[in-house]
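Numbers here are sequence positions counted from 1. Order of listing sets the numbers, starting from 1, for every ligand and every atom in it.
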Amino acid sequence: SQIEPNSRPFTVLVEGNIGSGKTTFLNHFNKFEDVCVLAEPIDMWRNCKGHNLLGLLYEDIKKWSFTFQSYVQLTMLQQHLRKTACPVKLMERSIYSARICFVEKMKQDNLISHAAAAVIDKHFQWIKENTDLKVDLIVYLRTDPQTVYDRMIKRNREEEKTVSLDYLQALHQIHEDWLYHKTIFELPAEVLVLNANLDKSVINEEYSKFEPLILNKKLSVQA
Ligand SMILES: Cc1cc2cn([C@H]3C[C@H](O)[C@@H](CO)O3)c(=O)nc2[nH]1
């Protein structure tokens, strides 16, 4: 019989800096059939009716930040609302990190006008009040800026050629304030902090330790 869409799957957000290993984490959990993995819809950002918004963003971040972040917010909302038959849903980033990490940082650096940021915030607030953005756990892949910078260079994503260590340091700080020090904005769920500096060769061992948490929908690590 048709499996009923599980409208309230145990929803986990995977958050972290550029290059923090989110894709590696998602791939680690992709092998479980109970888990629906939603990677960042980067292909949508690279092709919005033929426009590569991600490419435009890094070509002229001031000019394209609003356009890019508006579309990111829509695509992340679509991911949050996506039905799945799986009992567990793992999302790469979220409408929260869009607003809190990226838009806020761009606003601080005057890469987006305060007027544009205010419009994005109005959308964000309305969405939160009018939709059920159910989140049960946030996994924070905590890294050092230098580590993620080296990985980003090695990954060599075309559009990220112009991303600087300074930018990654600023993004790192905003992730720290939101998810580690918890001094800015709201937290939609408890945060599980993982050491994502670990080398790829041992990182899967580290992630395996948290399978019971993610797969059995436990909210706190058993002592
Ligand atoms: C939610 C969200 C993801 C996201 C990614 N990005 C950028 C950072 C990376 O270079 C690329 C893919 O994550 O897009 C952004 O500027 N704003 C974002 N907001």
Consider ligand 1: state whether an atom of it lies below 4.0 angstrom from any non-hydrogen atom of [X].
X      : result
Cys101 : no
Gln69  : yes
Val163 : no
Arg157 : yes

**Request:** Scan Asp150, Thr143, Asp144 and name whichever one has a side chain to side chain donor-acceptor pair (under 3.5 Å) with Gln146.
**Result:**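 The side chain to side chain donor-acceptor pair (under 3.5 Å) with Gln146 is passed solely by Asp150 among Asp150, Thr143, Asp144.
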**Asked** Any chance CD of Glu186 has more than 12 other-residue heavy atoms, nucleotides or ligands included, within less than 6.0 Å?
**Response**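 Yes.
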**Item:** ligand 1 contact on Glu159 by region, counting heavy-atom pairs under 4.0 Å
**Value:**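 Within the 4.0 Å criterion, Glu159 makes no contact with ligand 1.
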Decide whether an N or O pair under 3.5 Å exists between [X] and ligand 1.
X      : value
Ser97  : no
Trp45  : no
Tyr58  : yes
Glu160 : yes

Just jot down the ligand 1 atoms closer than 4.0 angstrom to any heavy atom of [X], in number order.
X     : value
Val72 : 1 (C), 2 (C), 19 (N)
Leu57 : 16 (O)
Phe68 : 6 (N), 15 (C), 16 (O), 17 (N)
Ile18 : 8 (C), 9 (C), 10 (O)
Ile42 : 12 (C)
Ser94 : 1 (C)

**Request:** Indicate if Val14 and Leu171 have the same hydrophobic cluster label, given that clusters are the connected sets of ILVMFWY residues with side-chain heavy-atom separations under 4.5 angstrom.
**Result:**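 Different clusters: Val14 never reaches Leu171 through Ile, Leu, Val, Met, Phe, Trp or Tyr contacts under 4.5 Å.
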**Asked** Roughly how far apart are His80 NE2 and Ile95 CD1, rounded to 0.5 Å?
**Response**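 It is 5.5 Å, given to the nearest 0.5 Å.
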**Request:** To the nearest 0.5 angstrom, please state how far the CG atom of Leu13 sits from the OH atom of Tyr140.
**Result:**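 Atom-to-atom, Leu13:CG and Tyr140:OH are 14.5 Å apart.
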**Which residues share a ring pair (Phe, Tyr, Trp, His ring centres under 6.0 Å) with Trp45, sequence neighbours left out** =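 Only Phe68 meet the ring pair (Phe, Tyr, Trp, His ring centres under 6.0 Å) criterion with Trp45.
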**Message:** Heavy atoms only: which of Leu54, Thr75, Leu111 lies closest to atom 14 (O) of ligand 1?
**Reply:**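 Ranked by closest heavy atom to atom 14 (O) of ligand 1, first place is Leu54.
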**Request:** For atom 3 (C) of ligand 1, find the nearest protein heavy atom and state the residue, atom name and distance (0.1 Å precision).
**Result:**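 For this ligand atom, the closest protein heavy atom is Glu40 OE2, 3.2 Å.
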**Asked** Which protein non-hydrogen atom lies closest to atom 4 (C) of ligand 1, naming both residue and atom, and how far is it?
**Response**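 It is Phe102 CE1, 3.7 Å.
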**Message:** So Val139 and Phe210, do their side chains get closer than 4.5 Å, heavy atoms only?
**Reply:**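 In short, these two side chains do not touch, never coming nearer than 4.5 Å.
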**Prompt:** So is Arg99 actually on top of Phe185's ring, under 6.0 Å and inside 45° of the axis?
**Reply:**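 Checked: cation-pi criterion not met.
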**Asked** Any salt bridge between Asp132 and Arg8, counting N to O under 4.0 Å?
**Response**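 Salt bridge flag = yes for Arg8 with Asp132.
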**Request:** Identify whether the distance between the nearest side-chain nitrogen and carboxylate oxygen of Glu15 and Lys22 falls below 4.0 Å.
**Result:**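 Salt bridge absent between Glu15 and Lys22.
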**Message:** Filter on side-chain hydrogen bond (donor to acceptor under 3.5 Å, both in side chains), then keep only pairs touching residues 30-44, sequence neighbours left out; what's left?
**Reply:**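 Residue pairs with at least one partner in residues 30-44: Glu40-Arg93.
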